[in-house]
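Okay, structure first, notes after.
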Amino acid sequence: MKNFQFYNPTKIIFGKDTVAELATLVPQQARVLILFGGASAEKNGTLAEVRAALGQRSVREFGGIEPNPSYETLMRAVAMAQAEHVDYLLAVGGGSVIDGTKFVAAAAVFDGDAWEIARSGGTKVRKALAFGAVLTLPATGSEMNNGAVVTHKASQDKLAFRSPLLFPQFSVLDPTKTFTLPARQVANGLVDAFVHTTEQYLTYPVQALAQDRFAESLLQTLVEIAPRALAAPDDYATRANLMWTATLALNGLIGAGVPQDWATHMIGHELTALYDIDHARTLAIVLPSLLKVQREQKRAKLLQYGERVWGIRDGSEEERLDAAVDATRAFFERLGVPTRLSAYGLGAQAVEAVLAQLAKHGMTRLGEHGDIDLARSRRILEEAL
Ligand code: NZQ
Ligand code: ZN
């Protein structure tokens with residue numbers, strides 16, 4: 001096992017009717033800015049509950065944070081936070097709203113060009129406003145980590161950043177708030193949580209026995225609950241398991257002391273920046289191909305994954321490796337998430353465009369061994385055509 005530090009200060013309030021807890025979670029004297037996305041939080045009543053719980057506090061609202069939150073939109077929220085002397089942010093929504101709120105928290109008190117926050121990967125963040133979250137979409141883990149991804153629309157840059165100052169103080173996880181999710185977003189959430197887990201697990205063995213089995217249990221849980229998560233939107237038990245599993249997939253726990261990959265995410269971010277494909281869908285395109293191309297480097301873990309997650313025990317080693325990759329692709333397809341670029345109307349031109357973006361962003365040594373250079377990324381993308 002590698003040396004590691006593990007730190008996660010985010011308090012989780014989980015369960016039915018927990019939005020009311022905001023009454024005590026948010027400081028009484030806070031000047032609050034509620035941030036949310038499009039219409040969903042208003043329509044399903046979550047915002048009304050939030051407003052009621054905040055009671056007499058000074059509250060402002062900023063709506064319209066879009067999926068894959070843009071720098072352009074978020075800077076309007078920054079201007080509002082500054083003009084209104086806000087000192088506490090409350091995100092109400094999915095990963096995009098929570099990520100956007102992290103950016104606003106840092107940008108509202110940043111000296112200089114706020115895009116530097118993203119461009120520096122977060123290393124330039126020196127202070128940030130305090131914030132909490134009410135999660136409505138289980139997927140990203142943003143509710144319990146210190147990372148975020150924002151997009152500069154004008155330049156088509158989708159960049160990730162993180163900072164120890166950007167953990168939410170708390171996150172309210174009420175599974176009933178996910179009942180209104182469209183099937184597409186549920187499928188996206190299942191895929192995103194699955195791939196967060198594989199990014200931290202499908203690398204090479206370092207005898208991290210508990211991390212491996214934690215990761216395998218998250219993967220198995222996602223596979224087990226997927227059909228009901230899609231078929232029965234108001235099945236509380238299923239949604240509760242989805243919500244907590246997605247949080248555990250990216251709150252630092254399974255990634256402690258193990259090598260991490262993240263190449264699927266980095267290549268996927270470029271597909272979103274260029275073609276506006278949902279985050280999770282980009283992962284479903286890249287991961288199966290990446291596993292195929294990186295099969296030698298990942299051989300031991302891929303065999304372990306095949307056996308423990310998919311029950312693949314028969315056949316030669318080569319056959320079992322193939323079967324593990326095929327099972328992954330078939331799982332995504334069963335969820336209704338296409339795994340080929342062609343299914344999104346993209347071809348060879350897109351491969352060139354993504355490679356140019358990767359070069360522009362210095363993404364030329366990706367993966368747990370840093371061996372995914374542009375030539376290797378090309379093979380991965382061509383494999384996904
Ligand atoms: O905008 P509204 O109307 O709220 O609709 C949203 C949005 O259209 C809708 N939605 C959310 N909750 C709902 C709901 N609709 C009905 N009922 C509800 N309860 O869902 C749509 C998608 O929302 P979004 O927040 O974009 O989805 P997700 O949570 O998948 O977040 C994706 C973003 O997170 C980033 C991605 O790159 C992407 O920008 N990521 C953040 C990570 C992190 N911070 O650690 C890690 C991830 O790998 C990921 O990169
Ligand atoms: Zn993700």
Side-chain angles (χ1 to χ4, degrees), residues 8 10 19 35-47 49 63-71 73-74 91-103 118 122 133-151 153 157-163 166-168 171 173-200 233-234 239 242-243 246-247 249-252 255 260-273 276-284 286-287 337:
N8 194 313
T10 302
V19 174
L35 299 105
F36 56 97
S40 78
E42 188 77 77
K43 227 163 68 187
N44 64 23
T46 308
L47 271 179
E49 280 181 51
I65 297 180
E66 63 277 70
N68 310 304
S70 75
Y71 165 78
T73 300
L74 298 172
V92 181
S96 293
V97 173
I98 303 175
D99 282 9
T101 298
K102 289 175 181 176
F103 182 82
V134 175
L135 181 69
T136 65
L137 197 177
T140 64
S142 188
E143 65 277 7
M144 199 178 176
N145 69 39
N146 63 356
V149 193
V150 291
T151 301
K153 285 265 192 267
D157 294 324
K158 180 169 184 173
L159 300 182
F161 62 95
R162 61 179 58 247
S163 161
L166 292 176
F167 283 100
S171 282
L173 276 55
D174 179 343
T176 68
K177 297 296 164 221
T178 73
F179 289 178
T180 55
L181 281 169
R184 173 184 174 131
Q185 296 303 338
V186 176
N188 283 351
L190 287 159
V191 171
D192 199 18
F194 194 93
V195 181
H196 292 160
T197 309
T198 61
E199 298 275 28
Q200 302 164 86
D234 55 0
R239 290 298 167 97
L242 174 56
M243 209 167 208
T247 300
L250 196 47
N251 72 350
Q260 303 195 11
D261 182 341
W262 296 106
T264 298
H265 269 72
M266 294 308 123
I267 300 171
H269 286 169
E270 304 300 359
L271 281 165
T272 300
D276 212 22
I277 302 173
D278 293 355
H279 170 63
R281 294 175 161 237
T282 69
L283 308 177
V286 178
L287 181 67
V337 181

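In listed order, ligands and their atoms are each counted from 1.
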- shortest atom 11 (C) of ligand 1-to-protein heavy-atom contact is with Thr136 OG1, 3.6 Å
- Query: By number and element, which atoms of ligand 1 are closer than 4.0 Å to a non-hydrogen atom of Asp99?
  - Reply: 34 (O), 35 (C), 40 (N), 41 (C), 42 (C), 43 (C), 44 (N)
- Task: Spell out, as yes or no, whether a donor-acceptor pair under 3.5 Å connects the side chain of Asp174 to the backbone of Val19.
- Result: no
- Counting heavy atoms only, which of His196, Glu199, His269 comes nearest to atom 47 (C) of ligand 1? His196
- What atoms of ligand 1 come closer than 4.0 angstrom to any heavy atom of Lys177? 19 (N)
- Looking at atom 13 (C) of ligand 1, what's its closest protein heavy atom, distance included? Leu181 CD2, 3.3 Å
- ligand 1 contact on Asp278 by region, counting heavy-atom pairs under 4.0 Å: neither
- Apply side chain to side chain contact (heavy atoms under 4.5 Å, CB included) to Val97 and Val92, showing your working. CA-CA 7 Å; Val97 173; Val92 181; 5.6 Å; no
- Query: Got an N/O contact under 3.5 Å between Lys102 and ligand 1?
  - Reply: no
- Leu250 and ligand 1 - part of the residue with a heavy-atom distance under 4.0 Å: side chain
- Nearest-contact summary for atom 38 (C) of ligand 1 - protein heavy atom, Å: Asn68 OD1, 3.4 Å
- Considering only heavy atoms of Lys158, which atoms of ligand 1 have at least one such atom less than 4.0 Å away? 36 (C), 37 (O), 38 (C), 39 (O)
- Is the backbone N or O of Met144 less than 3.5 Å from a side-chain atom of Asn8, with the two atoms forming a donor-acceptor pair by type? yes
- Query: For atom 7 (C) of ligand 1, what is the nearest protein heavy atom, given as residue, atom name and distance?
  - Reply: Pro67 CG, 4.0 Å
- Distance from atom 27 (O) of ligand 1 to nearest protein heavy atom, with residue and atom: Leu137 CD1, 3.3 Å
- Identify the closest protein heavy atom to atom 1 (O) of ligand 1: which residue and atom is it, and at what distance? Gly38 N, 2.7 Å
- Message: Tell me whether Gly141 reaches ligand 1 (any heavy atom closer than 4.0 angstrom to a ligand atom).
- Response: no
- If hydrogens are left out, which of Pro69, Gly64, Ser96, Pro233 has an atom nearest to atom 33 (C) of ligand 1, that is, the closest non-hydrogen atom? Ser96
- Any atoms of ligand 1 less than 4.0 Å from a non-hydrogen atom of Pro182? List them with their elements. 15 (N), 16 (C)
- atom 5 (O) of ligand 1 has as its nearest protein heavy atom Ser40 OG, 3.8 Å
- N/O of Ala139 under 3.5 Å from N/O of ligand 1, yes or no? no
- How close do Asn44 and Lys177 get, heavy atom to heavy atom, and via which atoms? ND2-O, 4.2 Å
- Query: Do side-chain atoms of Gln185 reach the backbone of Leu137 as a donor and acceptor pair under 3.5 angstrom?
  - Reply: no
- Item | Per-atom contacts of ligand 1 with Thr180, taking only distances under 4.0 Å to non-hydrogen atoms | 16 (C), 17 (N), 18 (C), 19 (N)
- Under 3.5 Å, is there a donor-acceptor pair between the side chain of Ser96 and the main chain of Asn68? yes
- For ligand 1, is there an N or O atom under 3.5 Å from any N or O atom of Gly95? yes
- Check step by step if side chain to side chain contact (heavy atoms under 4.5 Å, CB included) holds for Thr272 and Arg281. CA-CA 9 Å; Thr272 300; Arg281 294 175 161 237; over 6 Å; no
- Apex the Zn ion (ligand 2) - arms NE2 from His279 and NE2 from His265 - angle rounded to 10°: 100°
- Message: Among the N, O or S atoms of Asp192, which one sits nearest to the Zn ion (ligand 2)?
- Response: OD1
- Query: Is Gly93 near ligand 1, meaning one of its heavy atoms is under 4.0 Å from it?
  - Reply: no
- Message: Donor-acceptor pair, distance only, cut-off 3.5 Å: does the side chain of Thr10 make one with the backbone of Pro168?
- Response: yes
- For residues Thr264 and Leu287, report the shortest heavy-atom separation together with the two atoms involved. OG1-CD1, 3.6 Å
- Query: Which atoms of ligand 1 have any heavy atom of His265 under 4.0 Å away?
  - Reply: 48 (O)
- Query: Ignoring hydrogens and geometry, is there a side-chain-to-backbone donor-acceptor pair from Lys102 to Gly147 under 3.5 Å?
  - Reply: yes
- Message: Starting from atom 49 (C) of ligand 1, what is the nearest protein heavy atom, named by residue and atom, and what distance separates them?
- Response: His279 NE2, 3.3 Å
- Task: Would you mind listing which atoms of ligand 1 come within a distance below 4.0 Å of any non-hydrogen atom of Gly37?
- Result: 1 (O)
- Which atom pair, heavy atoms only, marks the closest approach of Gly95 to Thr140? CA-OG1, 3.5 Å
- Can you check side-chain hydrogen bond (donor to acceptor under 3.5 Å, both in side chains) on Ser142 and Asp99, steps first, answer last? CA-CA 7 Å; Ser142 188; Asp99 282 9; 2.6 Å; yes
- Once the angle between the rings of Phe103 and Phe161 is folded into 0 to 90°, is it parallel (under 30°), tilted (30 to 60°) or perpendicular (over 60°)? perpendicular
- Query: Looking at ligand 1, does any of its N/O atoms fall within less than 3.5 Å of an N/O of Ala39?
  - Reply: yes
- Note on the structure: Residues His196 and Ala249: closest non-hydrogen pair is CB-O, 3.9 Å
- Supply the atom-to-atom distance Thr247 OG1 to Leu242 CG, rounded to the nearest 0.5 angstrom. 9.0 Å
- May I ask you to check whether Thr178 has an N/O atom sitting below 3.5 Å from an N/O atom of ligand 1? no
- Message: Looking at Gly255, is its backbone amide N or carbonyl O close enough to the side chain of Gln260 to form a donor-acceptor pair, meaning the two atoms are under 3.5 Å apart?
- Response: yes
